[in-house]
Protein chains: 2
Amino acid sequence: MSAPFPDSPAGRPKAPAAPVAARPRGRPRKTADERDEGNRRQLILDGAARLFRAQGFDAASTRDIAAAAGMRSGSPFYHFESKNALLYAVMEEGMQRAVRSQAQALSGLDDTSPRARLAILVRHHCDILLGPAGDFVPVMLYEWRSLTPAQRAAIAQIKAVYEAPWMPVLQALYDAGALRTEPGLARLFIFGALNWAVQWYRPEGRLSLDALAAHALALFLAPE
Amino acid sequence: MSAPFPDSPAGRPKAPAAPVAARPRGRPRKTADERDEGNRRQLILDGAARLFRAQGFDAASTRDIAAAAGMRSGSPFYHFESKNALLYAVMEEGMQRAVRSQAQALSGLDDTSPRARLAILVRHHCDILLGPAGDFVPVMLYEWRSLTPAQRAAIAQIKAVYEAPWMPVLQALYDAGALRTEPGLARLFIFGALNWAVQWYRPEGRLSLDALAAHALALFLAPE
DNA sequence: CCTACCGATCGGTAGG
DNA sequence: CCTACCGATCGGTAGG
């Protein structure tokens, strides 16, 4: 739970001495520090997403997040104004990636049947929630109450973009009699069923994401 | 967020002087304090359930919970060993009430059709989650990670009792072709769809719990 | 990005 | 159940 070493100098591990090399010729190789510089912010975001998801926003300390990124306790505040701004950044990045990958999953499939399109949406949603990079969106789902009203409004806008492609698909299935609940409520129920899997799905178990998505689809849709 | 008055004596409101009445004849009327004595623990539980749900376990302070029960900051610890024990007590009470009321809702309906029994289970579940007394079980659903492993095991036992009546009903519907996903997964999806309503359902809105339950049922089950 | 630190808040307790 | 308090931890910051 605590940083691997205290704030006091006694506990600080010595930084490895930088090798005093002769100045190299040609294009200067970046030192490890320079190469990482652009990634530091991302390291903080990744650690924050993981810890916010595992422990919750309030229980995850900025000290632990700093340690997860290989930094000392005060350093995250060089990259983010506050712990709250860090939470917002995690959610924003998660939703923007979700919107982009969803658009990519749907691209070129305008002529596909509503049923096939819903299958793609559900399968992609499972990936976002439960796939290998899936800490960011669960944080958005389960730490919503820690956002300020202004932050909520901003994230809600991205969420609306994410949800938009679902509605015409559900409407078409409803009109065709394959879905037996009005699209608005159906979307809430379907999202609920899938979002809840964050609580129980274990990637190392027997159930693949393909199978999970297929079973969910079978539950909601009348057989062809 | 903070108690209405600080711990220091300066901020303490004077307790209303107890009226010095002549000793009443007949059965002694209980004073307000005596009448409340058995309810103090319950007052703490109610306040804790409300605050744990609204703010989360970590964000809700024991000071605020004490204030919600009309007490000073240290007093909850006279009734509960720790904040964590209070969380456990909230969840335990919520689940025990849910088990009891579910059994009551099903009593005398052994001969009813599986479809009607599922309707009763779903409708009752909505009541537990979203009804007027519905803070305890949402706390159980969304603050699970703040329990110790031993506490999780204990709550999981009550959960198992609650879930038990669902399985034969889902199995019968699956066997009859009315449910198109195996009962184990179907139960997880259905619980997810309903549990997620904690996040979006507003009792003051247009949607009644009856309608909510009916729409959910229509989504999961093939038409009769 | 680190050092060294601060004020605030929190869970919890001894004693009555 | 209240009083008065403690130690620990936390988010955050000035200065380099």
Side-chain angles (χ1 to χ4, degrees), chain A residues 1-16 18 31-44 47-48 51-52 55-88 146, chain B residues 1-16 18 31-44 47-48 51-52 55-88 146:
Chain A
M1 286 295 183
S2 59
F5 40 82
D7 278 2
S8 68
R12 192 201 178 186
K14 291 208 169 54
T31 69
D33 259 26
E34 281 168 338
R35 193 169 47 231
D36 285 350
E37 229 166 68
N39 298 336
R40 299 288 177 110
R41 189 188 140 98
Q42 192 59 46
L43 278 175
I44 297 173
L51 290 168
F52 285 159
Q55 308 178 10
F57 175 71
D58 289 293
S61 73
T62 56
R63 281 165 168 79
D64 285 349
I65 294 168
M71 295 171 177
R72 308 296 299 281
S73 68
S75 300
F77 298 98
Y78 172 78
H79 295 277
F80 298 92
E81 263 195 22
S82 65
K83 188 186 183 186
N84 197 260
L86 179 49
L87 176 66
Y88 175 79
S146 294
Chain B
M1 287 294 183
S2 59
F5 39 83
D7 279 0
S8 68
R12 193 198 176 188
K14 290 209 171 51
T31 67
D33 258 25
E34 281 167 340
R35 193 167 48 231
D36 285 350
E37 227 166 71
N39 298 334
R40 297 290 176 107
R41 189 189 140 98
Q42 192 58 47
L43 277 175
I44 298 173
L51 290 169
F52 285 159
Q55 307 177 10
F57 175 71
D58 289 293
S61 74
T62 57
R63 281 165 167 80
D64 284 348
I65 293 168
M71 294 171 177
R72 308 297 297 281
S73 67
S75 301
F77 296 97
Y78 172 78
H79 295 276
F80 298 92
E81 263 194 22
S82 65
K83 188 186 183 186
N84 198 260
L86 180 49
L87 175 66
Y88 176 79
S146 295

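Because the structure is a prediction, the values reported are computed rather than measured. Every chain is numbered from 1, with letters handed out A, B, ... down the list of sequences.
- The B/Arg63 side chain lies nearest to C/dG11 when the options are D/dA4, C/dG11, D/dG11.
- Which of D/dG11, C/dG12, C/dA4 sits closest to the side chain of A/Lys83 comes down to D/dG11.
- Rounded to an integer number of Å, the gap from A/Phe77 CZ to C/dC2 P is 13 Å.
- Taking atom CD1 of B/Ile44 as the reference point, atom P of C/dG12 lies 13 Å away to the nearest angstrom.
- Here the OG-CG distance, from B/Ser73 to B/Asp64, works out to 11.0 Å after rounding to the nearest 0.5 Å.
- Minimum atom distance to the side chain of B/Ser61 is reached by C/dG11, of the listed D/dG12, C/dG11, D/dG11.
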Let's test your reading of the pairing rules: Watson-Crick or G-U wobble, both distances under 3.5 Å, then write DNA chain D as a dot-bracket string with ( ), [ ], | and dots. ||||||||||||||||
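- Taking atom CG on B/Asp58 and atom P on D/dT9, their separation rounds to 15 Å, with Å as the unit.
- Taking atom CG of B/Leu87 as the reference point, atom P of C/dG12 lies 12 Å away to the nearest angstrom.
- Scored by the side chain to side chain contact (heavy atoms under 4.5 Å, CB included) test, A/Ala60 finds A/Leu51, A/Phe52, A/Gln55 as partners (sequence neighbours excluded).
- Look at CZ on B/Phe57: it is 13 Å from P on C/dC10, rounded to the nearest Å.
- Residue A/Ala69 is classed as having no contact, given no heavy-atom separation below 4.0 Å to the nucleic acid.
- Remark: B/Phe80 pairs with B/Arg41, B/Ile44, B/Leu45, B/Leu86, B/Ala89 by the side chain to side chain contact (heavy atoms under 4.5 Å, CB included) rule, at least two apart or across chains.
- Nearest to the side chain of B/Ser75, among C/dC2, D/dC2, D/dG11, sits D/dC2.
- By the side chain to side chain contact (heavy atoms under 4.5 Å, CB included) test, B/Ser75 is found to be paired with B/Met71, B/Arg72, residues two or more places apart in sequence or in another chain being considered.
- Across all their heavy atoms, A/Asn84 and A/Ser146 have their closest contact at ND2-O, 2.9 Å.
- Of the side-chain N and O atoms in A/Thr62, one or more sit less than 4.0 angstrom from OP1 or OP2 of D/dG11.
- Scanning all heavy atoms of the two residues, the minimum distance from B/Ala68 to B/Gly47 falls at CB-CA, 4.3 Å.
- D/dG15 atom C1' lies 15 Å from atom OH of A/Tyr78, rounded to whole Å.
- Separating the CG atom of A/Leu86 from the C1' atom of D/dG11 is a distance of 12 Å, rounded to the nearest angstrom.
- The backbone N or O of A/Phe57 sits less than 3.5 Å from a side-chain atom of A/Lys83, completing a donor-acceptor pair.
- For the pair B/Leu51 CG and C/dC10 P, the interatomic distance rounds to 12 Å; values are reported in whole Å.
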